[in-house]
Participant: 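Could you have a look at this structure, given as structure tokens, before my questions?
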Amino acid sequence: MFKIIKRQEMAGGTIILNEIAAPRIARKARPGQFVILKANETGERIPLTMADFNPRQGTITVIYAVVGRSTSLFSQLQEGDSYQDVVGPLGRPTRLERMGTVVCIGGGTGVAVLYPIARGLKLLGNRVISIIGAREKELLILEDEMRAISDDLLVCTDGGSYGQQGLVTDLLAQVLQEERPDLVVAIGPVPMMRAVSEMTRPCNIKTLVSLNPIMIDGTGMCGGCRVSVGGEIRFACVDGPEFDGHQVDFDELMQRLQAYRAEERQSLECESQSLEIHRCKMEPQIVSAAR
Amino acid sequence: METAPKHREKKPRVSMPEQEPDQRAGNFQEVPLGYTAEMAVEEASRCLQCKKEPCVSGCPVGVDIPGFVRCIRSGEFGPAIQKIWATNSLPAVCGRVCPQEIQCEGRCVLGKKGEPLAIGHLERFAADFARDACISCDAAPVRSTGKKVAVVGSGPAGLTVAGDLIAKGHQVTVFEALHKTGGVLAYGIPEFRLPKDIVAHEVAQLERMGVRFECNMVIGVTLTLDELFEEGYDAVFLGVGAGLPRFMDIPGETLIGVMSANEYLSRANLMKAYRFPEYDTPIPRGRNVAVIGGGNVATDAARSALRLGADRVSIVYRRSRQEMPARAEEIRHAEEEGVELHLLTNPVRFLGDDDGRLVGMECLKMTLGEPDSSGRRRPVPEEGSEFVIECDLVVVAVGSGANPLLTRSTGDLKLNRWGYIEADPETGKTNLEGVWAGGDIVTGSATVILAMGAGRKAADSIQKYLTEKG
Ligand SMILES: Cc1cc2nc3c(=O)[nH]c(=O)nc-3n(C[C@H](O)[C@H](O)[C@H](O)COP(=O)(O)OP(=O)(O)OC[C@H]3O[C@@H](n4cnc5c(N)ncnc54)[C@H](O)[C@@H]3O)c2cc1C
Ligand code: FES
């Protein structure tokens, strides 16, 4: 069992931070690596890249958006509750090097994954320009944390409710007019990572992206996490999750992420039904208690 | 010593009751239902009790077959299981999944003229009887030696080592990468062939004997081999299996609807996706399913697909029926349930629609040529024989390789050219001091009983090492 030491809601409860006691994982964790969590007996195995880790306290931090059945199950776990299973640290760590100027781009919850990588790059003496974005101000996370480890932080929201109006790629275009970075790291929704990679490709700027395909074991056993990189099939869980953005077949990844769309809908319907049943059972009691 | 009268061999083999094919193809419950005590006694009485014991020489771990069969014949079921346990710690599993027809039963003298003794069925009967009657192995309690042994992987090889060494008084911890113990027995072999509570029962027995199990521990990642020694382990056994799926390396392999048998079966068995949405993990419910391969993995996947509601399931195999490595019973069960066999057929590419979903598979017809290195006749493609099998799900079950996760982190461990660990076949010793290996990670995908046999040899060698080390 892996206890939740700290739970924090962000973005109006749509994004959740969990700090989890997992001493053995914390001791080994490196930026860019992920863990697989399973809430309970019937739960799915869900991969989440670590947003932080603290070897001394023996904890790891994950930040996730509540988007489907499994993350909504996770979101019901409170401080003091436990995940039944957490395994890791999985995947290859980011190769952190001193390169010069680095642009770190995070979209949505991707900022959480980006944070330890950007911090690592900064600690090695790189000049770190960070760009983070979200749909609206409420959904923006880790702004202060990112500012603290960046030489420059640019913020945008789609509607312009905060920071500049536009997409992270708009800000990247501005940066590229003045700079020629030695590395770009882009982590966020697949369309964003694809757009960034397309933008850096013509100027041949090395671009790292972190992929999030569907996984089961995370140890190279099932092959469910197959992605095409440079025309070759790679297992994201052991060969990644980071790859050269110029080599990744993003269209295929987007399609594969849709593999269980129908089942996800069924599963969510089923959950809302059981919630209703639950409510129906509750109400008479409330009524009788009120009497 | 009693000798069996001649007329006995005329009695037909007692067949084991099974769920009817049309009924069982719709559920995940076990197919063969087991012998009653009367059936077991009757079948056991067919045994000729040959002096030469050819059956025993066909058993990779040398179970005293005539001995336990004799017990069953005289209704002494408790002693029967103790006799089996002396050499085989997982009889409930082996009775169900061993390829008896090429092992013990393949050598049975009765089989020369008629049907061999149903040794597997009798082994299963004795084991199930013991479980129902709560009989456990009556090994004498031993004094603790204070030595610590780490077993990596909780498949049949690891479980055997753990059982043998805990009985010698060592402190044994089993580290498992997944969240559940049992290895292939838990994630690969389906419920209808090997109920998961049988595997859980075997693990619980070991826990009662004092074995500690730590799940979610990927050795080489969460903890390295070196760190195990730093943590005070005196010996380490590596039984990590052959967990690397092989694909076909043909176009279209990343289409939605093409998956490895490891993924398909893990979803179904480990994650219990056949009970979706009660369990959260989904599994594609193909209407038209093709399974590529000819082994137990292929038949397991095909029969699972039927149970998950497919309209049509076929097994596509590039050689002929004789070469199919699956257990005879599995092929029979699959066919009875309605699985079609496309023999001498080899896929050359997968076809998809605009959304990247599989719609079919182009195949070539094959003929058999000269024998290859495996001794089986090599399949040769017939030119111009392309045809398309329509399907919305393909499960690739063409074998597995060595998973490099652990071995990559252990640079000086000696591997062969396919990435399997080099270990002495007699002792399981690797090139590293204090490190043994056995099972599929040494031999490549093999069988439960061979993995157990390797575990037994390694346990003996570890015991010797720990005793000499003092
Ligand atoms: C679908 C299927 C059906 C089969 N049917 C039959 C059959 O009918 N009869 C038969 O005899 N054989 C059958 N086999 C083959 C048989 O199951 C295997 O030969 C046998 O299980 C091998 O045992 P093992 O202990 O070597 O490895 P496994 O059973 O593979 O167990 C290895 C375990 O180690 C764990 N592990 C891997 N890496 C690590 C790590 N780094 N750290 C910690 N743990 C790790 C794995 O998660 C796994 O649990 C079948 C196999 C499959 C896949
Ligand atoms: S998640 Fe199974 S191989 Fe990557």
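Model, not experiment: these values are computed from the prediction. Protein chains get the first letters and strands the later ones, always in sequence-line order, with residue 1 at the start of each.
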Participant: Do you know which of A:Val86, A:Val238, A:Ile25, A:Leu90 has the most heavy-atom pairs under 4.5 Å to chain B?
Facilitator: A:Val86

Participant: With side chain to side chain contact (heavy atoms under 4.5 Å, CB included) as the test, would you mind laying out the steps for A:Gln84 and B:Asn216 before giving the verdict?
Facilitator: CA-CA 10 Å; A:Gln84 186 169 302; B:Asn216 301 311; over 6 Å; no

Participant: Report the C-alpha distance between B:Arg267 and A:Ile216 in whole Å, list the side-chain angles of each, state the deciding distance to 0.1 Å, and finish with yes or no for side chain to side chain contact (heavy atoms under 4.5 Å, CB included).
Facilitator: CA-CA 8 Å; B:Arg267 284 180 182 274; A:Ile216 299 188; 3.4 Å; yes

Participant: A:Val227 versus chain B, heavy atoms under 4.5 Å apart: side chain, backbone, both or neither?
Facilitator: neither

Participant: Evaluate the side chain to side chain contact (heavy atoms under 4.5 Å, CB included) criterion for residues B:Asp280 and A:Lys38: first the C-alpha distance (whole Å), next the side-chain angles of each, then the deciding distance (0.1 Å), finally the verdict.
Facilitator: CA-CA 10 Å; B:Asp280 295 343; A:Lys38 185 167 174 289; over 6 Å; no

Participant: Answer yes or no: does atom CZ of B:Arg357 have more than 12 heavy-atom neighbours from other residues, nucleotides or ligands under 6.0 Å?
Facilitator: yes

Participant: Any donor and acceptor pair, going by atom type alone, linking the side chain of A:Gln255 with main-chain N or O of B:Asp354 inside 3.5 Å?
Facilitator: yes

Participant: Is it the case that more than 12 heavy atoms not belonging to B:Arg275 sit under 6.0 Å from its CZ atom?
Facilitator: yes

Participant: With a 4.5 angstrom heavy-atom cut-off, which part of B:Pro284 approaches chain A: side chain, backbone, both or neither?
Facilitator: both

Participant: Should B:Thr281 and A:Glu263 count as side-chain neighbours, where that means a heavy-atom distance under 4.5 Å?
Facilitator: no

Participant: Which atoms of A:Ile214 are under 4.5 Å from chain B, going by heavy atoms: the side chain, the backbone, both sets, or neither?
Facilitator: side chain

Participant: To the nearest 0.5 Å, what is the distance between OH (B:Tyr279) and CG (A:Asn40)?
Facilitator: 9.5 Å

Participant: So which part of A:Thr219 gets closer than 4.5 Å to some heavy atom of chain B, the side chain, the backbone, both or neither?
Facilitator: both

Participant: Near A:Arg30 CZ, under 6.0 Å, is it more than 12 heavy atoms from other residues, nucleotides or ligands?
Facilitator: no

Participant: Compare all side-chain heavy atoms of B:Leu178 with those of A:Asp217 and state whether any distance is below 4.5 angstrom.
Facilitator: yes

Participant: With chain A, which of B:Val258, B:Val218, B:Val221, B:Thr254 has the greatest number of heavy-atom pairs at distances under 4.5 Å?
Facilitator: B:Thr254

Participant: For B:Leu405, is it the side chain, the backbone, both, or neither that has a heavy atom closer than 4.5 Å to a heavy atom of chain A?
Facilitator: side chain

Participant: Considering only heavy atoms, which portion of B:Arg408 lies under 4.5 Å from any heavy atom of chain A: side chain, backbone, both, or neither?
Facilitator: side chain

Participant: What I'd like to find out is whether the side chain of B:Lys272 reaches to under 4.5 Å of the side chain of A:Glu41, using heavy atoms alone.
Facilitator: no

Participant: A:Ile233 and B:Glu253: side chain to side chain contact (heavy atoms under 4.5 Å, CB included), yes or no, with the steps?
Facilitator: CA-CA 9 Å; A:Ile233 294 184; B:Glu253 206 138 44; 4.2 Å; yes

Participant: So which heavy atom on B:Leu223 is nearest to which on A:Arg27, and how close?
Facilitator: CD1-NH2, 3.6 Å

Participant: Does a sphere of radius 6.0 Å around CZ in A:Arg95 hold more than 12 heavy atoms from other residues, nucleotides or ligands, not counting ones at 6.0 Å or beyond?
Facilitator: no

Participant: Are any of the side-chain heavy atoms of A:Glu44 and B:Pro282 separated by less than 4.5 Å?
Facilitator: yes

Participant: Out of curiosity, B:Asp249 CG to A:Glu232 CD, how far, rounded to the nearest 0.5 Å?
Facilitator: 9.5 Å

Participant: What part of A:Arg45 lies closer than 4.5 angstrom to a heavy atom of chain B: side chain, backbone, both or neither?
Facilitator: both

Participant: With a cut-off of 6.0 Å (strictly less than), are more than 12 heavy atoms of other residues, nucleotides or ligands near NZ of A:Lys3?
Facilitator: no

Participant: Flag the pair A:Arg24 and B:Glu231 as a salt bridge only when some basic side-chain nitrogen lies within less than 4.0 angstrom of an acidic carboxylate oxygen.
Facilitator: yes

Participant: Under a 4.5 Å heavy-atom cutoff, which of B:Ala177, B:Ser266, B:Pro245 has the most pairs with chain A?
Facilitator: B:Pro245

Participant: Can you find a pair of side-chain heavy atoms, one from A:Cys222 and one from B:Tyr187, that are under 4.5 Å apart?
Facilitator: no

